[in-house]
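Everything below concerns the one structure shown next.
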Amino acid sequence: MPIRLHDSLSRELRELKPSQPDGVFRFYNCGPTVYAPAHIGNFRTFVVNDVLRRLLELEFGAGKVKHVRNLTDVDDKTIQRARDEGRPLADVTTRWTEKFHADCAALNCLPPHEEPRATDPRYLREQVNMIEVLMDKGNAYRAPDGSVYFKVSSFKDYGRLSRVKERELQPGAALKAHAADADEKEDGSDFALWKAWKPDDGPNKWPGPKGAAEGRPGWHIECSAMNKALLGETIDLHTGGVDLLFPHHENEIAQSECCNGQTFARHWYHSEHLLVDGKKMSKSLGNLYTLDDLVAKGFSPMALRYALLMGHPRKQLNFTLDSLHAAESALATLSSNFHTINDPRNIVAGPEECHRFDEVFDQLSDDLNTPGALGKFFPAARELMATVKPTKADGGAFQRVLFAFGFQPLSLKQLAKGAVYDAPSGVTALAEKRWAAKLAKDYATADALRKELAAAGWSMADRKDGYSLEPAKKS
RNA sequence: GGCGCGGUAGCCAAGUGGUAAGGCCGAGGUCUGCAAAACCUCUAUGCGUCGGUUCAAUUCCGACCCGCGCCUCCA
């Protein structure tokens, strides 16, 4: 089934398909700025994009999707951080890049095929090249301090994506935000392509475009340059959070299209914000969570992944700790179903194909409706649990659904179904005694031993042919 | 002020011009010496309010109320 996705530019659902003769679908997702741990709002975008990536691979084939996501490793915030800590910029960005990778792995996000960094000499060169072309073409100009700005008035299509021309700026808003460099620009809406070095930047400076001062690239140009270097002048899909729609993506279009003379991205997709307790996350509200914050509260990363997919990606999703509890339970149910359906002892002979979960994929393919897809998934799974015996194909199809969502089922051990944890020998001894007492129908002793085990932090589950031990649930 | 989005059961959340998916919680049940897990069953005469269009509206139109986001470097 073709994948249809909302396109922010045309504001309608459009089918995704590769445009190049090689049949490779080219897909760019704006990545994080690495100066602090990413928060769960950031991860909503990355998880949604990961599901999209998985769906594209199922549709076009694993080798027919090229997914690029950048790392912004130089900007005001990263430099500020390095200065505050008295460490080199690269130390700071490396550290937070590693953390980002660890979090992504915990959330079971597939690594992008390319993950370019803004300060990589290869892409720095590409950025400078593009700026020089833009200056030559009259789309950019050098400011008195040696910075280079893009001349917004030189691009007649500017504002098509965000409809900025139809907006009315709050009186004074633009001026306020740009007080810092207002003197350098010819027009308030012009934006920086290259920022001249300032003392606050410390040792962080690079040779600039011809005629410009030493300094560092502006934010927007890195994405234009990396796109060009890794995916070409026209890409199939460009994604990010809604907040990037303006000005970031608007500016990317302006730079790339003026420089290359080609359509930049054929399709734009923006996922909505995650709200926490009804509000946008912010430090001042105290509602900003990182993955570690939630893990410290005893939740699993997989539960966060599930919770982030409980709402339609193009609608604001209100995240609460209650929703994480719901996610944790739902995931346990799916995991249990997974093991039952794939247990060789339960499998019966049947058709080679399974279409029970087709509607799940229909939902995902229809504008990435993840909650709609989950709504089709559970009843289809229940049918296999209750009314029909699973076939091998059913098991495979179930796994394909899990792959699309990126859910890793809890293991049997985690579900404590007949598995034995590595309990300390003292605990094992108690369990053995209790099991013997139970077999002897000495229930008073058995119950007393159950209590002893609980006091030691273990719970014992009786099985038909034995018992299992698991750490007592923390509540 | 401008642009945009949303208000569906205790909570989260799909969806449709013909009469409400799913998940969580809760209740009951099967199983179990007990306990837990698992599995099964049940849980909105109603979809912010008031009008309008229609044979029929939660779904279309209008007004209003409430909430949220964006408005130049925040996913």
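First the proteins, then the strands, lettered A, B, ... as listed; each starts at 1. No hydrogens, no waters, no symmetry mates; every other heavy atom, side chains included, goes into these values.
Look at the C1' atom in both B:U32 and B:C47: the space between them is 42 Å, to the nearest Å. Comparing B:G26 with B:A21, their P atoms are spaced 23 Å from each other, to the whole Å. Distance check on atom P: B:C25 versus B:G33 gives 26 Å, rounded to whole Å. B:C40 and B:G22 are spaced 13 Å apart, taking the P atom of each and rounding to whole Å. Rounded to the nearest Å, the gap between the P atom of B:G46 and that of B:A75 is 45 Å. Taking atom C1' on both B:G17 and B:U54, the two are 9 Å apart, rounded to the nearest angstrom. Nucleotides B:A38 and B:U45 are separated by 30 Å at their P atoms, to the nearest Å. Only the C1' atoms considered, B:U19 is 40 Å distant from B:A37, to the nearest whole Å.
Looking at heavy-atom distances under 4.0 Å, A:R434 makes contact with a base. Nucleic acid contact class of A:G41 (heavy atoms, under 4.0 Å, all strands): base. A:S189 comes within 4.0 angstrom of a nucleotide base, judged by non-hydrogen atoms across all strands. Among the heavy atoms of the strands lying under 4.0 Å from A:N337 are primed sugar atoms or P, OP1, OP2 only; no base atom is included. Counting non-hydrogen atoms under 4.0 angstrom, A:G375 reaches a base of the nucleic acid. Here A:P379 lies in heavy-atom contact (under 4.0 Å) with sugar-phosphate atoms only.
Residue ring and base: A:Y443 counts as stacked with B:G33 (centre distance below 5.5 Å, interplanar angle below 30°).
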Bracket string, RNA chain B, 5' to 3' - pairs by Watson-Crick or G-U geometry under 3.5 Å, | interstrand = (((((((..(((.........))).(((((.......))))).....(((((.......))))))))))))....

For nucleotides 13-16 of chain B, print each protein N/O atom paired with a nucleotide N/O atom at under 3.5 Å, atom names and distance only.
residue, atom, partner, partner atom, Å
B:A14, OP1, A:H312, N, 2.8
B:A14, OP2, A:K315, NZ, 3.1
B:A14, O3', A:N369, ND2, 3.0
B:G15, OP1, A:N369, ND2, 3.2

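Ion pairing between a basic and an acidic side chain is recognised when a charged N comes within 4.0 Å of a carboxylate O; A:K151 and A:D190 show no such pairing. Salt-bridge formation is detected for the pair A:K99/A:D103: a Lys NZ or Arg NE/NH1/NH2 atom is positioned less than 4.0 Å from an Asp or Glu carboxylate oxygen. Using a 4.0 Å cut-off between charged nitrogen and carboxylate oxygen, A:R54 and A:D50 count as a salt-bridge pair.
Rounding to whole angstrom units, CG of residue A:L331 and P of B:C24 are separated by 11 Å. Summarising the geometry, the separation between CD on A:E272 and P on B:G7 is reported as 13 Å, rounded to the nearest angstrom. Following rounding to the nearest Å, A:N251 (CG) and B:U72 (P) show an atom-to-atom distance of 12 Å. The distance from atom CZ of A:F299 to atom C1' of B:C12 is 14 Å, rounded to the nearest whole Å. If you take NZ of A:K280 and C1' of B:C5, they are 15 Å apart, rounded to a whole angstrom. We find that CE of A:M385 is positioned 11 Å from P of B:U41, with the value rounded to whole Å. We find that CD of A:E250 is positioned 14 Å from C1' of B:C70, with the value rounded to whole Å. A:F46 has its CZ atom 13 Å from the P atom of B:C74, to the nearest Å.
Each of A:H325 and A:H220 was matched to the nucleotide of RNA chain B holding its nearest heavy atom; the match closer to the 5' end belongs to A:H325. The 5' end of RNA chain B is approached more closely, in terms of each residue's nearest nucleotide, by A:T320 than by the other of A:T320 and A:F378.
Side chains of A:T119 and A:D73: a donor on one and an acceptor on the other come within 3.5 Å.
Counting only heavy atoms from C-beta on, A:T33 has its side chain closest to B:A75 among B:C39, B:G33, B:A75. You'll find that the side chain of A:H273 is closest to B:G69, out of B:G23, B:G4, B:G69. Of the listed nucleotides (B:C40, B:A75, B:C24), B:C24 has the atom at the smallest distance from the side chain of A:A330.
In this structure a side-chain-to-backbone donor-acceptor pair under 3.5 Å is missing from A:N342 to A:H339. Using modelled atom types, one side-chain atom of A:N287 and one backbone atom of A:V276 make a donor-acceptor pair closer than 3.5 Å. Here the side chain of A:D7 pairs a donor or acceptor atom with the backbone of A:W268 at under 3.5 angstrom. Under a 3.5 Å cut-off, the side chain of A:R69 and the backbone N or O of A:G31 do not form any donor-acceptor pair.
Listed by first and then second residue, the salt bridge (Lys or Arg N to Asp or Glu O under 4.0 Å) pairs involving residues 315-335 of chain A amount to none (not counting sequence neighbours). A side-chain hydrogen bond (donor to acceptor under 3.5 Å, both in side chains) check over residues 443-457 of chain A, counting only residues at least two apart or in different chains, returns the pairs A:D442-A:T445. The side-chain hydrogen bond (donor to acceptor under 3.5 Å, both in side chains) pairs that include a residue from residues 367-384 of chain A are A:R314-A:D367, A:R356-A:E383, A:Q363-A:N369, where partners are two or more places apart or lie in different chains.
The shortest distance between the side-chain N/O atoms of A:T340 and the OP1/OP2 oxygens of B:A38 is not below 4.0 Å. Dashed line: the shortest gap from a side-chain N or O of A:S329 to OP1 or OP2 of B:C25 is under 4.0 Å. The phosphate of B:C24 (OP1 or OP2) has a side-chain N or O of A:T333 nearer than 4.0 angstrom. In this structure, A:K77 reaches the B:C74 phosphate: one of its side-chain N or O atoms is under 4.0 Å from OP1 or OP2. For the pair A:R382 and B:C39, the criterion of a side-chain N or O lying under 4.0 Å from OP1 or OP2 is not met.
The ring pair (Phe, Tyr, Trp, His ring centres under 6.0 Å) check on A:F338 picks up nothing, with sequence neighbours excluded.
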